[in-house]
Amino acid sequence: MEYNFSQIEKKWQKYWAEKQIFKADVKPEKPKYYVLDMFPYPSGAGLHVGHPLGYIASDIIARYKRSKGYNVLHPMGYDAFGLPAEQYAIQTGQHPAITTEKNLKRYREQLDNIGFSFDWSKEVRTCDADYYKWTQWIFLKLFGSWYNKVSDKAEPIENLIETFKIEGNKNVQASTDYADIFSATDWNAYSEKQQQEILLEYRLAFITFMMVNWCPGLGSVLSNEEVKDGVSERGGYPVERKEMAQWCLRITAYADRLLNDLDLVDWPEPVKEMQRNWIGKSLGTELDFQIVGSEEKIKVFTTRIDTIFGVTYLSLAPEHPLIDKITTPEQEEKVKKYVHHAKNRSERDRMSDVKTISGEFTGAYVTNPFTNQPIPVWIADYVLWGYGTGAVMAVPSSDTRDYGFAKHFHLPIIAVQEGPGSDISKEDFDPKAGTMINSGFLNGMMVKDAIKAAMKHTEENGWGKIKVNFKMRDAIFSRQRYWGEPVPVYFKDGLPYPLAESESPLVLPEIQEYKPTETGEPPLGRAKNWKYKGEYSYELSTMPGWAGSSWYFLRYMDPTNQDRFVSPDAEKYWNDVDLYIGGSEHATGHLLYSRFWNKFLFDYGLITKKEPFKKMINQGMVQGRSNLVYKEKNANVIICKNQLKEYAKENNLKPNEDFIQLYVDVNLVDSKDNISIENVIKSRQDLHDAKFEFSIDENGNRIIHCEAVVEKMSKSKLNVVNPDDIVAHYGADTLRLYEMFLGPLEQFKPWNTNSIDGVARFLRKLWRLFYDDKGSYLVVGEAPSKEELKVLHKTIKRVEEDIERYSFNTNVSTFMICVNELGALKCNKKQILEDLLVMVAPYAPHICEELWSTLGHSSSISFATFPMYKEEYLVEDSFEYPISINGKTRHKMSFAATEDVKSIEAAVIADETVQKYLEGKAPKKVIIVPKRIVNVVV
RNA sequence: GCGGAUGUGGCGAAAUUGGUAGACGCACUAGACUUAGGAUCUAGCGGGCGACCAUGGGGGUUCGAGUCCCUCCAUCCGCACCA
């Protein structure tokens, strides 16, 4: 029998699907293992060879863990709400659901080709009403909750209302910006509307007016993560600042827990670090500055209260509300002009123009509480309204931005630190270097101590208080789009009310057109009778993309449950994700929001784990390798890079200016980066009548040598490699092995099929252990030899150790070595080959399943148990020890494995060669590292 | 600027706690079998004639360093006026 991979792969894929081999149900008596991939957004382009990389790794772990006796949950689904389908709908009028369905089908076909062991009975799609019913349910739970800082968890809003009725809010410690104090009497006297307005300020899902990233090109608000360099991440449209009413989730209430619990998870350090930076916790002081001649105070936040004696001005963000109140009449016009200018600068300008220093004096002064000296108040756009209090106490001698500003506007600079590194005008400036000077009671202290002392002083005098500040903002939850989850609220009297459970799910209505309305309302403004009970308007915006993905890992546990988002039994059993594989680009988006929702649900006891993802691996991107040829700008001449200089010289052209690069299809280029002229034309119809400067290869073909560049895979670069093509040519098993063999999973690496033949060869060699080249079956039931057992057990040990530390590439190498060694021994023993198949099966399941069945097994190899290695087979009979004198290797000696260290030592010292080097001197030490080396120290 | 990583043959890479650096694969070279082969098999393959020299450069600890420490350099990624 010959190895016919396409037949074998089809056969077993069908078998697995029909027998539901990978269906995972709750089995309390069995240990569980939950291995999860970040589910994909099914784009229209389909999968390229980079996408399955992580899925292959997770599939190997899933199959491996099954063979280790675990009940494995390995699901797959789709993050199906999203912008591209909606964009396509706007252009073509086709409903996003249709586009999505189509893409999804193609994804499934491509995935099925690779032979994954997903339990498809657990598939989820975020755009299904059965799914987003529960996304809406969680949202309403957030809406119906407030964060109690005393119990440090989310609690039902009803508790809060009870408290308000009994004692008002004076004892309530909540996560809110609401600062007014009211009594029980006040509360009970408030109108329904007033009460709801106050409650809205406490809810974990709330509406607020805020400056947002408004993208007119997309007709929607974008999160900070969706904006890159002032333009939208998708589409590259300009983004501007705009104040709008938005739904927000109070993720800031969880800031501390999100930060601290990072210690509980086994994640790549860079991702943890990104989340820490994103949360941006800093300990500082909030200090009040009294405005001269006014009742008002300006609150600033500083981490460097020790530098208070060096403050020479205050600067306010242009958005600061006190500006209007404090500006003196003389300065009014200038200030108005500056504020207007600063506020209207787009995000893009502000980003690209960081270096320009600008600002304006308000004319007002405040008093420094430590010195009683007056300090001028300025406005500067380097002060951000979104961070701290939007006001900064400027210390030009200790902060480079303040220094630049002071220099620019000729403001005084008072040094408060002295010693090496403390001079801000010098290269080696370190803001925390030196000891304090010119600072009253702080003089002579180190910075660290001075901060503590100044903090204490501030609190004792009541000038301010110690405060923890976070960079993280609440998460904007509104998207002015159609293709997302509707927000399950209706508006009465301008205020949102939750939909009753009987109204759930609130299903996305049909509309005729998918763009914003003429009045600028979101697309849902077009929906007919989008009203609760025909009377109260529903919310017009939908939820953001990350809503559905923030809890899907829970739904997989119990995806068809109609009564709950997940049953307690299923949740208790599957618990949390043991291994999560996906890209690190979600570090501050999905991974943070998922943790937030998880913690929220945990607060209510609805789930039992503080953290959703125990261990995570970020797979590296598989990059494309593009191939380029050059075209003369003003003539239809195609030329390769090597000839460029010569050709340019001959025709009096400039190599850098008179040529443009053109991509050619990488799938038509050979392994030496040559492409025939016919193929150039095939990949680019626009070149069908071009003239070519070609060379002739050994077969007489007219070829052009292409330049190769490693970059991201994309359609426009003609460098996309489709896994389907690889599967058709080499088979899925080869693809799987090859993707793992390419290098460490976490690393970025270019797709390069050069060495794929070696992997394909390995599978043929494996097949040859079972069938000879005439097709005769070789396997016999005889007992294996000692040598064969040695090879097997060595392999088992290495394979197991490597897979346990997720080193997939070394595993593939180990298989190759094993098959080579067994091939050399002409091993045909069933006992050996059986164990080998079980080890290789996670990587190359189809061929192993086929060969497994030839060994007489009637059930799938998926139910086989991973072999255990025995130390007794790993012991060598004798060792050859290299002997080194003072670290330099001199010669080798053989010793029996049974010899003890002392007799080895004696033998080494007695050895003729060693004696020669010792020249009669006694050795200082003889170091013997068992199984490794003998080192004699003279 | 701040933070995080990475650096080993022509290439992808191994080397688990410091212990014979370069396993395994590709490419390459020679040979065998072939009408032929993008098939298969065998051998060689870091540099140097050599003693030896080699893990980005320099220094250190150690009997022994790719691995630990210091320092410099290069590349990549993330954040970026965060007070």
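Chain identifiers are assigned alphabetically (A, B, ...) following the order of the sequence lines, protein sequences preceding nucleic acid strands; residue numbering begins at 1 within each chain.
- Relative to the side chain of A:S755, the nucleotides B:rU16, B:rA83, B:rC26 differ in distance, and B:rC26 lies closest.
- Counting only heavy atoms from C-beta outward, the side chains of A:I756 and A:T734 approach each other to under 4.5 Å.
- The existence of a salt bridge linking A:E801 and A:R805 is excluded, since no basic side-chain nitrogen approaches an acidic carboxylate oxygen closer than 4.0 Å.
- With a cut-off of 3.5 Å on both Watson-Crick or G-U wobble distances, the partner of B:rC79 is given as B:rG1.
- Here B:rG38 is the nucleotide among B:rG25, B:rG38, B:rA83 with the atom lying nearest to any side-chain atom of A:H729.
- For B:rG48, the base adopts the anti conformation, since its glycosidic angle falls more than 90 degrees from zero.
- Between the CE atom of A:M274 and the P atom of B:rC77 there is a distance of 12 Å, rounded to whole Å.
- A:E746 places its CD atom 21 Å from the P atom of B:rC76, with the value rounded to the nearest Å.
- A salt bridge links A:D256 with A:K281: at least one charged nitrogen is closer than 4.0 Å to a carboxylate oxygen.
- In this model, the phosphate group of B:rC24 is not approached by any side-chain N or O of A:R761 to a distance below 4.0 Å at OP1 or OP2.
- For the C1' atom pair drawn from B:rC28 and B:rA21, the interatomic distance equals 22 Å after rounding to whole Å.
- In this entry B:rA74 has B:rU6 as its Watson-Crick or G-U wobble partner, both defining distances falling under 3.5 Å.
- The listed nucleotides are B:rG3, B:rA14, B:rA39; the one nearest the side chain of A:R764 is B:rA39.
- Note on A:N809: a side-chain N or O is less than 4.0 Å away from OP1 or OP2 of B:rA14.
- In this structure, A:K272 places its NZ atom where more than 12 heavy-atom neighbours from other residues, nucleotides or ligands lie under 6.0 Å away.
- A:N754 comes within 4.0 angstrom of sugar-phosphate atoms only, judged by non-hydrogen atoms across all strands, and of no base.
- Backbone-only engagement by A:K765 is indicated by non-hydrogen atom pairs under 4.0 Å involving sugar-phosphate atoms exclusively.
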